[in-house]
Amino acid sequence: MIVGGGIAGLALGRVLQAKDIPYRIVERRQNPWDGGLAVNLPGNAIQALIKLGLGDQIEQIGHPLRRREYRTARDKLLFKVDEDAFWGAALHPRSIRRSALLSMLSEGLPHNRLLYDVDVQSISENATRTELVLQNETRLSAALVVGADGVHSKIRSESFGASSGSGKALLADRSWRFMAPNPGVECWTVWAGADGMMLLMPVGDGEVYGWAALTRPTSHSSSIQALDCLTREFPERARRAVMQALARPSGLYHSPLEEVRLDCWHKERVVLIGDAAHATAPIWAEGVALALEDAIVLGETIATNSNFPAALSAYESRRRPRVAHVQAMTDAMSRAAKLPPLVRNLLVPFVGPKQYRQTYEPLKAAI
């Protein structure tokens with residue numbers, strides 16, 4: 001039983017479907033949610049999609065991201081990365097609407113395997129089965145429950161609780177996501193200012209995906225006022241995208257920026273994957289990639305070992321080092337981002353390219 005019909009859950013469904021392992025996916029929303037708007041797919045995410053049989057689709061649908069640029073709030077280029085050269089033609093990064101990615105992942109999955117508008121209320125275990133109680137009091141029993149239900153995971157809170165380690169942490173109390181007409185941005189571009197940062201990423205069809213986050217407290221109680229104030233120091237093209245988003249507040253998604261770090265991702269017949277296990281700050285855009293990889297590895301270990309506790313232990317042993325590497329590199333870049341702007345702008349041109357290589361070079365290796 002897979003709880004969560006997002007990227008991690010659907011990817012796992014694909015793996016299990018291919019291996020003729022019976023499964024069901026339960027999702028609390030009425031239909032696939034597009035609150036993430038768009039996602040960045042680094043080379044290892046492309047590699048995972050190819051392994052899931054979706055290489056041709058992402059080649060056709062994904063928008064190529066050929067380089068990254070890191071800039072100051074005044075638009076001075078600190079450094080850039082040629083991502084085509086780094087990853088190679090087969091794995092060059094792409095952006096895609098989240099809804100399109102979910103549609104790709106669900107393609108070919110039988111409709112009776114996916115249950116929408118189903119909220120889990122509680123979970124209990126015995127020696128051989130795990131039982132879910134749904135909001136309508138329906139009871140579902142399974143040999144294994146997979147929590148693929150994101151940063152606010154019900155499965156994590158119900159099954160792991162306070163014993164699961166450091167748990168969920170608040171990185172920033174305000175962040176925003178939006179789509180806007182492209183104001184002339186050609187590549188993945190981030191601007192860092194005194195109070196926060198902002199990203200614009202082309203998605204195709206004349207659109208950009210935008211993300212912004214405050215790194216310092218603000219006195220503005222209104223979400224719109226806080227975003228407006230944060231981005232006033234950024235260049236005109238970045239501001240233009242923000243103003244388009246502010247003019248359509250219904251399409252602006254406001255949320256805290258949270259992280260999940262746990263000592264253990266599995267117990268008995270319950271296991272966590274994706275953001276439910278290890279949500280991390282989006283500095284290296286690895287959330288989707290790690291979720292896809294989790295699904296592939298978990299599906300493979302289940303298929304080769306019918307002893308679920310042993311299979312889950314093998315899954316976590318394979319995944320821990322890669323996730324820990326991304327977390328460590330996220331911490332390193334986060335520390336650099338919090339330096340005073342003058343110091344940061346002097347250091348980042350030297351440490352930034354090195355950190356990019358140190359982060360992604362190990363991720364080129366097959367999972």
Side-chain angles (χ1 to χ4, degrees), residues 6-8 10-12 14-15 36 38-70 79-98 100-102 104-105 185-190 199-204 208-209 211 273-275 278-300 318-330 332-333 351-367:
I7 290 167
L10 291 174
L12 179 57
R14 287 189 71 84
V15 179
V39 294
N40 183 5
L41 301 172
N44 60 314
I46 302 300
Q47 184 171 249
L49 288 170
I50 292 171
K51 194 162 187 177
L52 288 167
L54 297 170
D56 290 342
Q57 290 93 320
I58 193 60
E59 180 71 33
Q60 294 169 7
I61 299 173
H63 181 79
L65 297 174
R66 305 199 180 280
R67 72 181 189 277
R68 289 191 185 192
E69 292 185 353
Y70 294 78
F79 74 95
K80 61 183 177 180
V81 176
D82 184 337
E83 296 209 280
D84 263 358
F86 180 84
W87 289 103
L91 298 180
H92 65 252
R94 298 171 180 86
S95 61
I96 188 173
R97 290 295 296 250
R98 188 176 187 275
L101 179 57
L102 291 173
M104 284 172 48
L105 290 169
V185 174
E186 298 179 352
C187 64
W188 187 102
T189 307
V190 67
L199 163 74
L200 290 180
M201 176 180 74
V203 182
V208 289
Y209 164 73
W211 174 82
I273 64 174
D275 281 355
H278 47 68
T280 190
I283 290 172
W284 298 112
E286 276 295 309
V288 171
L290 294 179
L292 294 172
E293 291 178 353
D294 283 355
I296 292 169
V297 172
L298 180 60
E300 289 175 350
R318 282 180 61 183
R319 294 299 297 145
R320 274 281 176 185
R322 202 161 170 109
V323 171
H325 166 72
V326 172
Q327 290 172 337
M329 297 310 296
T330 297
M333 196 59 146
V351 303
K354 180 180 178 181
Q355 286 192 328
Y356 180 93
R357 292 190 299 272
Q358 288 177 334
T359 298
Y360 287 120
E361 193 65 47
L363 301 180
K364 288 181 176 180
I367 54 173

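Predicted, not measured: the structure shown is a model, and the values here were computed from it. For this chain, numbers begin at 1 and follow the sequence in order.
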Side chain to side chain contact (heavy atoms under 4.5 Å, CB included), that's the test. Do Glu286 and Tyr360 meet it? Break it down for me. CA-CA 10 Å; Glu286 276 295 309; Tyr360 287 120; 3.4 Å; yes
Val39/Ile96 under side chain to side chain contact (heavy atoms under 4.5 Å, CB included): CA gap, chis, key distance, verdict: CA-CA 6 Å; Val39 294; Ile96 188 173; 3.6 Å; yes
Run the side chain to side chain contact (heavy atoms under 4.5 Å, CB included) test on Leu199 and Thr189 for me, step by step, so that the C-alpha distance in whole Å, both residues' side-chain angles and the decisive distance to 0.1 Å come before the verdict. CA-CA 6 Å; Leu199 163 74; Thr189 307; 5.7 Å; no
Kindly determine whether Val288 and Arg98 satisfy side chain to side chain contact (heavy atoms under 4.5 Å, CB included), including the steps that lead there. CA-CA 10 Å; Val288 171; Arg98 188 176 187 275; over 6 Å; no
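Closest heavy-atom contact between Leu363 and His325: CD2-CD2, 4.2 Å. Scanning all heavy atoms of the two residues, the minimum distance from Ile61 to Ala100 falls at CG2-CB, 4.4 Å. Closest of all the heavy-atom pairs between Ala48 and Ile296 is O-CD1, 3.6 Å. In terms of heavy-atom proximity, Pro42 sits nearest to Trp87 at CB-CZ2, 4.3 Å. Residues Arg357 and Pro362 approach most closely at O-CD, 4.2 Å, considering heavy atoms. Residues Leu65 and Pro202 come closest through the heavy atom pair CD2-O, 3.8 Å.
Distance check, rounded to the nearest 0.5 Å: CE of Met104 to CG of Leu54 gives 4.5 Å. Atom-to-atom distance recorded for Lys364:NZ and Asn44:CG is 11.0 Å, nearest 0.5 angstrom. Note that CZ of Arg318 and CG of Leu298 are 10.0 Å apart. Values are rounded to the nearest 0.5 Å. In this structure, Leu101 CG and Leu41 CG are separated by 6.0 Å, a value rounded to the nearest 0.5 Å. Rounding to the nearest 0.5 Å gives a distance of 10.0 Å between CZ of Arg68 and CZ of Phe86. Note: Ile58 CD1 to Leu91 CG = 12.0 Å, rounded to the nearest 0.5 Å.
Between Ile367 and Arg319 the shortest side-chain heavy-atom distance falls below 4.5 Å. Counting heavy atoms from C-beta outward, Arg14 and Leu105 have side chains that approach closer than 4.5 Å. Using a 4.5 Å heavy-atom threshold, the side chains of Ile7 and Leu102 count as touching.
Panel note: side chain Trp284, backbone Thr359; no donor-acceptor pair is recorded below 3.5 Å.
A cation-pi arrangement is absent between Lys354 and Phe79 under the rule of less than 6.0 angstrom and at most 45 degrees off the ring axis.
A salt bridge does not link Arg66 with Glu186: every distance from a Lys NZ or Arg NE/NH1/NH2 to an Asp or Glu carboxylate oxygen is 4.0 Å or more. Looking at Arg94 and Glu59, a side-chain N of the basic residue comes within less than 4.0 Å of a carboxylate O on the acidic one, giving a salt bridge.
Using cut-offs of 30° and 60° for the angle between ring planes, the Trp188 and Tyr70 rings count as tilted.
Annotation: Gln358, atom CD; neighbour count of heavy atoms from other residues, nucleotides and ligands within 6.0 Å is above 12.
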